[in-house]
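In what follows, a structure is listed as structure tokens, so that the remarks can point back to it.
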Amino acid sequence: MRVCNILPANRCWAAVRLWRKVTTWSAVGAAFNSNPVRRLDLLQRHGLFGVPELSSTEGFERVQRRALLEAEQLVAKACRTAPGASTVEVFDKLSDTLCRVADLADFIKVAHPDPEYREAGEKTCIKIGTAVEKLNTNVELCRSLKNLLDNQEVMDQLDPETRRVAELFMFDFEISGIHLDEEQRKEAVDLNVKLLDLNNQFLMGCHMPNRIDGRALPTHIHHHFTSEGNYLQIGGLHADSPDDVVREVAYRIFLYPNRDLMDILDQLLSCRNKLARLVGYESYAHRALRGTMAKNPDNVMNFLQLLTDKLKDRTEKDFKMMKDMKCKLNPRNPDLMPWDHSYLSGVIRAERFNIEPSLYSPYFSLGSCMDGLNALFTQLYGVSLLAEQPSAGEVWSEDVRKLAVVHETEGLLGYIYCDFFIRPDKPHQDCHFTVRGGRMQDDGRYQLPVVALMLSLPRPGRDAPTLLTPAMMENLFHEMGHAMHSMLGRTRYQHVTGTRCATDFAEVPSILMEYFATDYRVISQFARDYQTGQPLPQSMVTRLCESKKVCGAADTQLQVFYAALDQAYHGKPQSRSTTDILIDLQQKYYGLPCVPNTAWHLRFSHLVGYGAKYYSYLMSRAVASMVWRQCFQKDPLNRYTGERYRREMLAHGGGREPMQMVEDMLQKKPSMEDFVDALVSEMDPDFESIIMDSEN
């Protein structure tokens with residue numbers, strides 16, 4: 001085990017003496033439970049992620065220019081390359097050249113604290129994105145790939161991954177309209193470029209707060225919101241506030257319709273539909289779902305309707321429980337409204353199972369959780385997480401940690417940059433970014449993958465490390481699931497590296513990690529009180545797991561509604577407004593009333609990144625549930641099962657058909673009914689665990 005060099009040894013041990021009296025953290029645990037101390041590098045300042053040019057915002061222009069020049073040379077090379085594996089290799093190198101710049105810039109435009117860096121990142125994304133759209137309609141470039149695909153003799157000699165990547169590159173050409181005439185191809189490029197701008201505008205609008213004259217609201221709730229002179233800013237739903245008035249006010253004001261944003265959404269959906277129809281698809285949903293596990297919109301809606309039908313009685317019982325609780329808490333205003341769902345379901349869980357988050361947090365220091373992940377990955381895959389000291393200028397904030405991922409026999413697998421702590425202007429979202437994909441290089445060496453994880457955790461204090469709630473801990477495991485998908489894949493081509501796979505498969509590894517995060521055999525390895533070293537009692541874990549099943553049907557049905565709305569917006573155009581569609585589907589798939597003069601869909605940011613694919617969370621959860629129950633539930637720390645899971649599912653990224661990977665892992669072909677049954681069965685109480693808990 002390599003010694004952590006984020007902190008000098010004396011500082012590290014001082015932290016241990018202050019917070020832990022019984023046991024000590026490992027090097028990776030200490031790195032996350034202590035404030036970082038950066039070494040000054042006065043002789044050399046490295047750029048972001050080790051890219052020398054990115055020590056200043058001007059460097060984005062240089063990196064971008066170099067990538068476009070190299071891309072131009074690779075296009076020429078591809079067009080003169082004889083059909084064979086080398087054709088695919090040149091295409092992948094072209095893709096990698098542009099993605100290494102675009103992916104890095106895509107992260108910087110979101111995460112960097114300096115607005116000038118964010119602006120430079122956004123401009124770079126647009127510039128590279130525009131270049132990619134033009135390449136996707138380059139007839140000569142496409143012809144070089146078609147020459148390969150049409151040569152059956154050569155194709156038969158290629159390995160399965162190379163054949164699939166060649167087909168995926170052709171798919172990119174086809175959905176961009178390569179088969180159209182010159183004028184139509186130009187129209188397709190223009191639509192794609194316009195979509196880049198509309199996506200950015202809608203995302204920005206989704207997160208903008210609304211404001212209201214403070215005199216319009218009761219003075220006793222003003223402190224819940226941000227003051228701006230005489231106005232109050234409402235920047236979220238405050239869904240877990242115990243004050244009914246605060247929840248209702250936040251819901252009505254934050255979701256108040258914005259005409260400009262409504263127009264942007266209408267343009268975005270219209271633009272997507274025009275593009276899909278132009279390149280030969282019935283709708284944008286048909287275009288987006290090609291190559292996924294679901295295959296087409298009819299299968300998605302069948303899945304959602306089957307799930308709705310199976311959940312109907314359970315959902316009604318859940319809403320009745322919430323209504324009864326509201327009557328108990330507020331008899332003068334007993335009607336159950338959308339702003340009550342999250343809060344009341346939480347109250348019911350807490351009342352039944354005594355799961356106050358503050359009771360759990362002392363056992364979940366961030367360092368302990370990272371120790372737990374390190375132990376889990378070592379046991380399942382033979383992989384260790386080692387903290388490394390970033391060079392000066394390599395990271396965008398001093399509290400970013402850098403992890404090297406090292407396999408016991410394969411050596412260094414890649415790097416994870418952990419941007420875990422809240423700071424001003426940082427988005428409050430948990431997500432995984434591919435910064436650089438893995439691929440086999442010309443010289444035979446493997447290009448190591450680099451990813452960044454972003455969370456919104458509190459910083460460590462003087463008297464305590466960062467303490468996580470159970471939900472925060474699960475989110476950490478979830479995002480690390482994405483990271484390990486990127487690290488453990490060893491695809492030959494970066495075009496299919498790690499999470500570059502079908503969206504409804506990409507969430508499987510991350511959701512599967514949530515099951516490990518709630519299994520006592522895993523939790524018991526790391527959950528210790530940060531002051532006393534006492535382990536988290538098994539009874540508390542049992543209560544936590546069982547509490548999640550309370551109101552689980554209503555929670556799932558809400559996700560079904562979101563997914564159905566996403567499908568409707570991206571299906572064939574309807575002669576009614578997006579608001580009217582929402583009202584209709586909320587009644588059909590959710591049950592709680594739509595509130596007049598609100599527009600929840602204008603805050604549905606997933607419409608950008610998950611357009612026509614929001615159902616993926618539900619389908620991925622179904623697959624993860626089946627993998628957990630069949631493969632890991634009996635022994636979640638089994639090395640043989642971990643290696644098999646890596647071999648059958650993680651190693652291939654998008655290099656194999658997603659459903660084929662699922663079938664190989666489960667050793668059966670699951671149906672939509674199997675997926676639905678997997679989700680519904682998760683809501684059944686675990687009577688054996690409850691009995692054991694009561695006996696203890």
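Between the CD atom of Glu72 and the CG atom of Leu94 there is a distance of 11.5 Å, given to the nearest 0.5 Å. The SG atom of Cys631 sits 10.5 Å away from atom CG of Asn638, with the distance rounded to the nearest 0.5 Å. To the nearest 0.5 Å, the span separating CD on Gln660 from NE2 on His652 amounts to 10.0 Å. Atoms CE and CE, from Met293 and Met619 in turn, are 6.0 Å apart once rounded to the nearest 0.5 Å. Note that the OG1 atom of Thr503 and the OH atom of Tyr617 stand 9.5 Å from one another [nearest 0.5 Å]. The CD atom of Glu161 sits 6.5 Å away from atom OH of Tyr493, with the distance rounded to the nearest 0.5 Å.
Looking at Asp371, its side chain never comes within 3.5 Å of a backbone N or O of Phe526 through a donor-acceptor pair. Remark: side-chain polar atoms of Arg100 are not paired, donor with acceptor, to backbone N or O of Arg436 under 3.5 angstrom. Without hydrogens or angle criteria, Lys127 side chain to Arg65 main chain gives no donor-acceptor distance under 3.5 Å. Put simply, the side chain of Thr378 gets close to the backbone of Val383: a donor and an acceptor are under 3.5 Å apart. Checked by atom type and distance alone, the side chain of Thr466 pairs as donor or acceptor with a backbone atom of Pro458 at under 3.5 Å. The closest donor-acceptor contact from the side chain of Ser524 to the backbone of Tyr520 lies under 3.5 Å. Remark: the backbone N or O of Gln494 is paired with a side-chain donor or acceptor of Asp92 at under 3.5 angstrom. In this structure, Gln567 contributes its side chain and Ala612 its backbone to a donor-acceptor pair below 3.5 Å. Between the side chain of Asp504 and the main chain of Ala294, a donor-acceptor pair closer than 3.5 Å is present. Proximity of a side-chain donor or acceptor of Ser397 to a complementary backbone N or O of Val400 within less than 3.5 Å is not detected.
There is no side-chain donor-acceptor pair under 3.5 Å between Glu507 and Ser616. Judged by distance alone, the side chains of Gln559 and Arg621 never bring a donor and an acceptor atom under 3.5 Å apart. Between the side chains of Asp430 and Asn475, a donor-acceptor pair is found at a separation under 3.5 Å. Glu122 and Tyr117 share no donor-acceptor pair across their side chains, judged by distance under 3.5 Å alone. Side-chain N/O atoms of His46 and Glu394 include no donor and acceptor closer than 3.5 Å. Side chains of His485 and Thr499: no donor on one and acceptor on the other come within 3.5 Å. In the model, Ser384 has no side-chain atom that pairs as donor or acceptor with a side-chain atom of His407 under 3.5 Å. For the residue pair Asp96 / Gln447, a side-chain donor-acceptor distance below 3.5 Å is found, with atom types taken as modelled.
With a 6.0 Å cutoff to the six-membered ring centre and a 45° limit on the axis angle, Lys402 counts as a cation-pi contact of Tyr415.
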*For side chain to side chain contact (heavy atoms under 4.5 Å, CB included), just list the numbers for Tyr645 and Leu650, CA-CA rounded to whole Å, side-chain angles, deciding distance to a tenth of an Å, and then say yes or no.*
CA-CA 7 Å; Tyr645 171 57; Leu650 297 181; 3.5 Å; yes
*Worked check of salt bridge (charged side-chain N to carboxylate O under 4.0 Å, His left out) between Asp159 and Arg492*: CA-CA 11 Å; Asp159 63 87; Arg492 182 176 175 183; 3.1 Å; yes
*asked:* Walk me through whether Arg401 and Asp419 qualify under salt bridge (charged side-chain N to carboxylate O under 4.0 Å, His left out).
replied: CA-CA 7 Å; Arg401 274 48 166 194; Asp419 186 355; over 6 Å; no
*Criterion side chain to side chain donor-acceptor pair (under 3.5 Å) on Glu682 and Tyr515, from CA distance to verdict*: CA-CA 11 Å; Glu682 295 223 316; Tyr515 291 88; 2.5 Å; yes
*asked:* I'd like to know whether Glu657 forms a salt bridge (charged side-chain N to carboxylate O under 4.0 Å, His left out) with Arg164, so could you lay out the CA-CA distance, the side-chain angles of the two residues, the decisive distance to 0.1 Å, and finally the verdict.
replied: CA-CA 9 Å; Glu657 283 282 348; Arg164 176 166 170 78; 3.3 Å; yes
_Steps toward side chain to side chain donor-acceptor pair (under 3.5 Å) verdict (Asp103, Thr434)_ = CA-CA 7 Å; Asp103 290 340; Thr434 297; over 6 Å; no
*Under the side chain to side chain donor-acceptor pair (under 3.5 Å) criterion, do Gln667 and Gln630 qualify, and how do the steps go?*
CA-CA 10 Å; Gln667 298 181 329; Gln630 184 171 318; 5.0 Å; no
*Evaluate side chain to side chain contact (heavy atoms under 4.5 Å, CB included) for Leu289 paired with Lys295, printing each intermediate quantity in order.*
CA-CA 5 Å; Leu289 294 175; Lys295 303 295 185 188; over 6 Å; no
*salt bridge (charged side-chain N to carboxylate O under 4.0 Å, His left out) evaluation trace for Arg459 with Asp399*: CA-CA 9 Å; Arg459 295 170 179 270; Asp399 55 14; 2.7 Å; yes
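Aromatic ring pairs are classed by plane angle as parallel below 30°, tilted from 30° to 60° and perpendicular above 60°; the pair His570 and Tyr284 is tilted. Aromatic ring orientation, Trp396 versus Tyr417: tilted (interplanar angle from 30° to 60°). The aromatic rings of His432 and His482 sit tilted relative to each other, their planes meeting at an angle between 30° and 60°. Between Phe91 and Phe173, the ring-plane angle classifies as perpendicular under the 30° and 60° cut-offs.
Counting heavy atoms from C-beta on, the side chains of Ser365 and Phe32 never come closer than 4.5 Å. Side-chain contact between Phe421 and Leu366 is present, with at least one heavy-atom pair separated by less than 4.5 Å. Between Met513 and Glu479 there is no side-chain heavy-atom pair separated by less than 4.5 Å. Looking at heavy atoms from C-beta onward, Ile175 lies out of side-chain contact with Asn136 at the 4.5 angstrom threshold. Between Met487 and Pro449, the closest side-chain pair of non-hydrogen atoms falls below 4.5 Å. Side-chain contact between Met665 and Met626: absent, with no pair of heavy atoms (C-beta onward) separated by less than 4.5 Å. Here the side chains of Phe433 and Leu453 are not in contact, with every heavy-atom distance at 4.5 Å or above. The shortest distance between side-chain heavy atoms of Val662 and Phe505 falls below 4.5 Å.
Checked for salt-bridge contact, Glu167 and Arg656 miss the test: no charged N lies under 4.0 Å from a carboxylate O. For Arg290 and Glu174, the salt-bridge test passes: some basic side-chain N is under 4.0 Å from an acidic carboxylate O.
Residue-environment remark: NZ (Lys426) exceeds the threshold of 12 foreign heavy atoms within 6.0 Å. In Lys123, the NZ atom is not crowded: 12 or fewer heavy atoms of neighbouring residues, nucleotides or ligands sit closer than 6.0 Å.
For an aromatic pair to be called close, the ring centres must be under 6.0 Å apart, and Tyr615 with Tyr610 fails this. Aromatic ring centres of Phe604 and Tyr614 lie closer together than 6.0 Å.
Checking each of Lys93, Arg490, Glu89 against Arg439 for a side-chain contact (heavy atoms from CB on, under 4.5 Å) leaves exactly one that passes, namely Lys93.
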